[in-house]
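Structure first, then comments.
Side chains included, hydrogens not; waters and symmetry mates left out as well; all remaining heavy atoms used. Values in this document were obtained by computation on a predicted structure and should not be read as measured data. Order of appearance sets the numbers: ligands from 1, and atoms from 1 within every ligand.
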Amino acid sequence: MDTSGTPLTRLAILISGRGSNCMAIIRAVRDGRLPNCEVAVVVSNIPGAPGIEAARALGVPVVVLEGRGREQRDHEDAILTLLRKFRIDLVCLAGYMRVLSAVFVREWAGKLVNIHPSLLPSFPGLHAQRKALDYGATVTGCTVHFVDESVDGGIIILQRVIEILPEDTEATLSTRLLDEEHVAYVEAIGRVLSGEYEGVGRRYLPRAVARS
Ligand code: GRF
């Protein structure tokens, strides 16, 4: 509950690795940049992922549901059960490296978001930073989007752009981009939770504009 007695929006963050976006979201909630919500649980499909300890150190409950060696259906059922148990309102994928099935995505349609390290629809899939460099793009960025049944093709919530510098390597570009990701993800969640935006076709627009 917040101070007015309104229930807080409950977030789940799904991770597979480092968890820097997860930490950025937890910190934003903690310091009030994402008001009226809480990170109710972090879920990792990889035991030993560095993000697990980082989230625990901030006092957030973490559940490890290992995916390896398990049928996708069975693994996702376990996640869905957990999301219900924790009464989750919004699921944030943050470096979650397993593609979710259509069944999962449909159940969470409009309440499932992801961050991708390119300006979609350019460079979907893995190694987006390397693809942007190899292509010779002079700008790239990150995209926070709703998840649908396509790979990295759901409605865009917001994007941030950075320049690709002549001296950039995949490592330097990825590092600079990550700083933008942390800002973008927090801002995008804020937009979704604000209730002030809505989808019009593929566009995610402020309600005032969408209805004018
Ligand atoms: C980020 O680059 C994100 O865009 C991509 O996976 C990476 C996860 O990094 N989906 P982290 O685990 O949040 O540090």
Side-chain angles (χ1 to χ4, degrees), residues 11-30 33-34 39 41-58 60 62-68 79 90-100 104-105 108 112-135 137 139-164 168-192:
L11 310 184
I13 307 176
L14 271 55
I15 65 168
S16 300
R18 178 177 55 190
S20 72
N21 279 287
C22 174
M23 299 304 289
I25 297 166
I26 294 170
R27 290 204 181 94
V29 171
R30 291 282 161 94
R33 280 175 291 134
L34 277 176
V39 180
V41 66
V42 169
V43 182
S44 174
N45 66 322
I46 304 287
I52 295 172
E53 280 318 311
R56 282 198 179 128
L58 288 186
V60 176
V62 180
V63 177
V64 178
L65 291 174
E66 186 166 11
R68 203 176 43 171
I79 300 174
L90 181 72
V91 177
C92 306
L93 306 182
Y96 185 70
M97 299 305 285
R98 260 201 150 186
V99 174
L100 294 166
F104 190 112
V105 167
W108 280 87
L112 178 60
V113 297
N114 181 42
I115 187 156
H116 181 77
S118 77
L119 296 174
L120 292 169
S122 292
F123 315 122
L126 295 174
H127 310 300
Q129 301 92 331
R130 190 194 309 162
K131 286 176 186 162
L133 270 176
D134 290 350
Y135 195 84
V139 294
T140 187
C142 57
T143 304
V144 186
H145 61 93
F146 289 106
V147 178
D148 66 10
E149 290 167 41
S150 63
V151 175
D152 299 325
I155 287 177
I156 292 170
I157 301 165
L158 69 79
Q159 298 181 299
R160 286 178 71 90
V161 181
I162 64 169
E163 247 185 274
I164 297 180
D168 262 330
T169 62
E170 186 182 358
T172 60
L173 182 59
S174 301
T175 302
R176 274 206 330 286
L177 193 47
L178 204 55
D179 289 338
E180 297 302 319
E181 292 188 37
H182 299 162
V183 176
Y185 217 160
V186 169
E187 194 179 333
I189 292 169
R191 261 183 208 189
V192 173

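Between N114 and ligand 1, no N or O atom pair is found at a separation short of 3.5 Å. The shortest N or O to N or O distance between I115 and ligand 1 is below 3.5 Å.
The CD1 atom of I155 sits 13.0 Å away from atom CG of L120, with the distance rounded to the nearest 0.5 Å.
Judged purely by atom type and a 3.5 angstrom limit, H116 has no side-chain atom pairing as donor or acceptor with the backbone of G153.
Ranking the protein heavy atoms by distance from atom 3 (C) of ligand 1 puts E181 OE1, 3.1 Å first. The shortest contact between atom 11 (P) of ligand 1 and any protein heavy atom is with S20 N, 3.4 Å. The protein atom (non-hydrogen) at minimum distance from atom 9 (O) of ligand 1 is R18 NH2, 3.0 Å.
Comparing G95, G19, A184 against atom 12 (O) of ligand 1, the shortest heavy-atom distance belongs to G19.
Between V42 and the options I15, L58, L14, V63, a side chain to side chain contact (heavy atoms under 4.5 Å, CB included) holds for only I15.
Annotation: side chain of I189 is not in contact with side chain of V144 (no heavy-atom distance under 4.5 Å).
Using a 4.0 Å cut-off between charged nitrogen and carboxylate oxygen, R176 and E180 do not count as a salt-bridge pair.
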